[in-house]
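All values derive from a computational prediction rather than experimental measurement. Chain letters run A, B, ... following the sequence lines, proteins first and then strands; every chain starts at 1.
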2 protein chains.
Amino acid sequence: MAVTLHDVARRAGVSIKTVSNVINDRPNVGKTTRALVQAAVEELGYTPNLTARGLRSGRKGAIALAVPDLALSYFAELAAAVIEAAEAAGVVVLIEQTGASREREVALLKSPRLNMTDGLIFSPLGMGQDDVDALRVDYPLVVLGERVFDAPADHVTMHNVAGARAATEHLVSTGRRRIAVVGAHAGEVVGSAGLRLAGYREGLEAAGVAFDPELIGYSELWHRADGANVMRELLARGVEFDAVFGLNDTLALGAMRVLQEAGLRVPEDVAVIGFDDLDEAPYAIPSLSTVDPGRGWIARTAVSLLLQRIESGGGASTARRHVADFQVVARESTISPVS
Amino acid sequence: MAVTLHDVARRAGVSIKTVSNVINDRPNVGKTTRALVQAAVEELGYTPNLTARGLRSGRKGAIALAVPDLALSYFAELAAAVIEAAEAAGVVVLIEQTGASREREVALLKSPRLNMTDGLIFSPLGMGQDDVDALRVDYPLVVLGERVFDAPADHVTMHNVAGARAATEHLVSTGRRRIAVVGAHAGEVVGSAGLRLAGYREGLEAAGVAFDPELIGYSELWHRADGANVMRELLARGVEFDAVFGLNDTLALGAMRVLQEAGLRVPEDVAVIGFDDLDEAPYAIPSLSTVDPGRGWIARTAVSLLLQRIESGGGASTARRHVADFQVVARESTISPVS
DNA sequence: ACCACAGCTTACAACGTTGTACACGGCCGC
DNA sequence: GCGGCCGTGTACAACGTTGTAAGCTGTGGT
């Protein structure tokens, strides 16, 4: 059915290796032969069999991306950026969903399915420091996020602490002092929730504002609904606050809806800031202030690091660590428009 | 480096074919031999090389999914469902983004990259009826959506017309008569916009409400921002309406924010309904009424049809067409809560 | 005049797996 | 007790590609 090198070789009257050399732009092919072969390729509509190439050369031209769930906006947008960056390098992306389950994350790392790809970009959410050994794999690996420190793999991450601190300071700079937090994880130290909460405390301290545990709203998951629930609970408790820091944008958006439902004006009565700079943040009403964690840069860097590892034969040199620049994006939810 | 059948065979003292037979549960292997081999597999940590298997057997265990852009919520949620369904069948998913560009869509269909997979689930957005021949491919293909009719491939789609009609009738049933539309495409007949607008007109007609072109808001793209812009324009024009039908949820959400910004209450002053039942619809404030087009069913059916084609050797039998059941989901944006 | 060498091309093996054909032994039926 | 058959296992080839080594031709140096 499919056209192979043999067919092209027969048509052009050369050996299959010469055709292979033409396809791969090897230098040692004569001009006339090259043209002859190219004509035959054109004529027969030959396309290389990537599976066979992968078997023989070990390079498959595909990478895997493992995220908790594509239905979570942050990961969908991250995946979109990873696919775009990979595409630019001529590589395709195979996506795995781990459901943020520690077991599935650990299992994935040893899955035979991964040997269809040249390497993995892995964004764990359930694994912890204890699983650091599971990351000691024999294929190129880039880890995203901050669940595991000192991993024996390249690491691309964001300034969770500094970003959260900057968000807090931004709120303080607009005159807010009672800043509620939505989405904290009890007792967590590593992980986005723990780090961002630490940044929040740093920001308060720098501004000379006392930390009040009453202002911290906890929720395990980070969906819109969780943000709404936590905010309802804070309101019910009667805690006073003039600002809300959602540990990510979906939490902030959920919280913001509840605030408006309760008749509180954003930002006049309560300012709201999130974290992630989702595509939808600018289009919320009011548009959501947030921290842009450099998602695009993270995606591009992760792809580029992974491709470098693949290129270099996966030699387990020292693990590199890259941190994206962040930026506070002030929008209407923290700064009232000039009226 | 990696453990192969040869290594296992040597360890177990049998031939590699016997090991292969054990791995694949072939019947003609004795009980003791089987146990022996399994022990060796365990001991050496053998995992099959899927690339080699793919080359030899033609079955790669991967399918491709092509969507316009994962950053669009609908496609992210669709992709999540497709990956989940494929995973249940032991198949991985490779994702391609076409950017809704007709050229890239047509090019993708002939891309050699696809031969890493056993088949394609394709959701075109730029192609039209003229490109029907491009869908005549020699690998298993399932097409989603309604851009192309009579395609020579299996087709899974939704009840765009009936769903839109039902949404319209739902608005009518709550007493609305002046129903604005957000997101129409001028002159389009096929495609979601054209079909949903047709359903809207059917719904009006059935209710004996006259169609008023003044109420139709056009926008090429279907992002949140487009919904907001169209709504601002409708308000600026001073058209009177008591309901809004967003041709998808993001349009409806964008429009709803603008309505609230303008001081109009939803649903008291204006009812809003969307289409897609995105995960975020129930968490908007007010929660968004919408049409559940059976996204999960579509994903599962598409995967199942594709796998059937693959199983049956891709024999180009007659193209099948499947249409998901839809359901109007009434939420707060069309029905005021009992107060 | 011959060797060395560069430039181009080819034959062959190999990547790790599975399909095909066949070999071996024992048991059944006649 | 012999022929055939079933159950079990093996050897070999093949999937389509690329790496290696070697072959062939012609040119230039000595």
Side-chain angles (χ1 to χ4, degrees), chain A residues 1-38 40-41 44-62 112-118 138-139 313-314, chain B residues 1-38 40-41 44-62 112-118 138-139 313-314:
Chain A
M1 200 71 193
V3 182
T4 76
L5 284 182
H6 284 92
D7 302 322
V8 177
R10 204 172 318 121
R11 174 69 146 238
V14 298
S15 80
I16 67 165
K17 188 64 223 281
T18 297
V19 180
S20 168
N21 286 338
V22 172
I23 302 289
N24 298 13
D25 283 324
R26 292 294 139 85
N28 43 354
V29 178
K31 251 215 301 233
T32 53
T33 315
R34 169 161 272 135
L36 194 66
V37 170
Q38 266 157 353
V41 164
L44 298 176
Y46 169 79
T47 58
N49 179 320
L50 299 178
T51 307
R53 177 179 290 175
L55 174 59
R56 175 63 238 226
S57 72
R59 195 79 112 269
K60 291 112 188 169
R113 298 147 63 124
L114 288 179
N115 73 19
M116 262 187 283
T117 63
D118 295 324
D138 60 357
Y139 49 82
Chain B
M1 199 70 193
V3 183
T4 74
L5 284 182
H6 284 92
D7 303 323
V8 178
R10 203 172 317 122
R11 176 69 145 237
V14 298
S15 81
I16 66 166
K17 190 64 224 283
T18 298
V19 180
S20 169
N21 287 337
V22 172
I23 302 288
N24 298 20
D25 284 323
R26 291 293 139 88
N28 44 353
V29 178
K31 251 216 302 236
T32 54
T33 314
R34 168 159 275 137
L36 193 67
V37 169
Q38 266 158 353
V41 165
L44 298 176
Y46 168 80
T47 59
N49 179 322
L50 299 178
T51 306
R53 176 180 288 176
L55 174 60
R56 177 63 239 226
S57 72
R59 195 80 111 269
K60 291 111 188 171
R113 297 147 63 125
L114 288 180
N115 73 19
M116 262 188 282
T117 62
D118 294 324
D138 60 356
Y139 49 82

(request) Report the distance from atom CG of A:L50 to atom C1' of D:dC15, rounded to the nearest whole Å. (result) 15 Å
(message) From CG of B:D7 over to P of C:dC15, roughly how many Å is that when rounded to an integer?
(response) 11 Å
(message) Taking 4.0 Å as the cut-off, does a side-chain nitrogen or oxygen of A:R56 come that near to OP1 or OP2 on C:dA14?
(response) no
(message) So which atom in B:T51 and which in A:M116 form the shortest heavy-atom distance, rounded to 0.1 Å?
(response) OG1-CA, 4.5 Å
(request) Mind checking the CG-OG1 spacing from B:N49 to B:T4? Nearest 0.5 Å is all I need. (result) 9.5 Å
(message) Rounded at 0.5 Å granularity, tell me how far CG in A:L5 sits from CZ in A:R53.
(response) 8.5 Å
(message) Taking side-chain contact (heavy atoms from CB on, under 4.5 Å) as the criterion, tell me which of A:N115, A:L55, A:L114 meets it with B:L50.
(response) A:N115
(message) Let's see if you get this right: which residues in residues 25-32 of chain B place a heavy atom under 4.0 Å from DNA chain C?
(response) B:R26
(message) Let's see if you get this right: which residues in residues 11-20 of chain B place a heavy atom under 4.0 Å from DNA chain D?
(response) B:V14, B:S15, B:K17, B:T18
(request) Rounded off to whole Å, could you give me the NZ-to-P distance for the A:K60 and C:dT17 pair? (result) 12 Å
(message) Rounded at 0.5 Å granularity, tell me how far OG in B:S15 sits from CZ in B:R10.
(response) 13.0 Å
(request) Compare the minimum distances between each of D:dT10, C:dC8, D:dT18 and the side chain of B:N21, then state the nucleotide with the smallest one. (result) D:dT10
(request) Describe, as an angle rounded to 10 degrees, how the axis at the first end of the helix from C:dA1-D:dT30 to C:dC30-D:dG1 is tilted relative to the axis at the last end, five pairs per end. (result) 50°
(message) If we check side-chain contact (heavy atoms from CB on, under 4.5 Å) with B:V8, which of these qualifies: B:V14, B:V22, B:T18, B:L44?
(response) B:L44
(message) What's the separation between atom CG in B:D118 and atom NZ in B:K60, rounded to the nearest 0.5 Å?
(response) 5.5 Å
(message) Could you tell me how far apart B:H6 (NE2) and C:dT17 (C1') are, to the nearest whole angstrom?
(response) 9 Å
(message) A quick test of your reading: do over 12 heavy atoms of other residues, nucleotides or ligands sit less than 6.0 Å from CZ of B:R11?
(response) no
(request) Please state how far atom CZ in A:R53 lies from atom P in C:dG16, giving the value in whole angstrom units. (result) 18 Å
(request) Take atom CG of B:L5 and atom P of C:dC15, then tell me their distance rounded to the nearest Å. (result) 13 Å
(message) Looking at every non-hydrogen atom in both residues, tell me the closest pair between B:V29 and B:T33 and how far apart they are.
(response) CG1-CB, 4.1 Å
(request) Please report, rounded to the nearest Å, how far the P atom of D:dT17 is from the CG atom of A:N49. (result) 6 Å
(message) What's the separation between atom CZ in B:R113 and atom OG1 in A:T47, rounded to the nearest 0.5 Å?
(response) 13.0 Å
(request) Please state how far atom CZ in A:R59 lies from atom C1' in D:dG16, giving the value in whole angstrom units. (result) 18 Å
(request) Drop me the distance from A:Y46's OH to A:Q38's CD, to the nearest 0.5 angstrom. (result) 13.5 Å
(message) With a 4.0 Å cutoff (strictly under), does any side-chain N or O of A:N24 reach OP1 or OP2 of D:dT18?
(response) yes
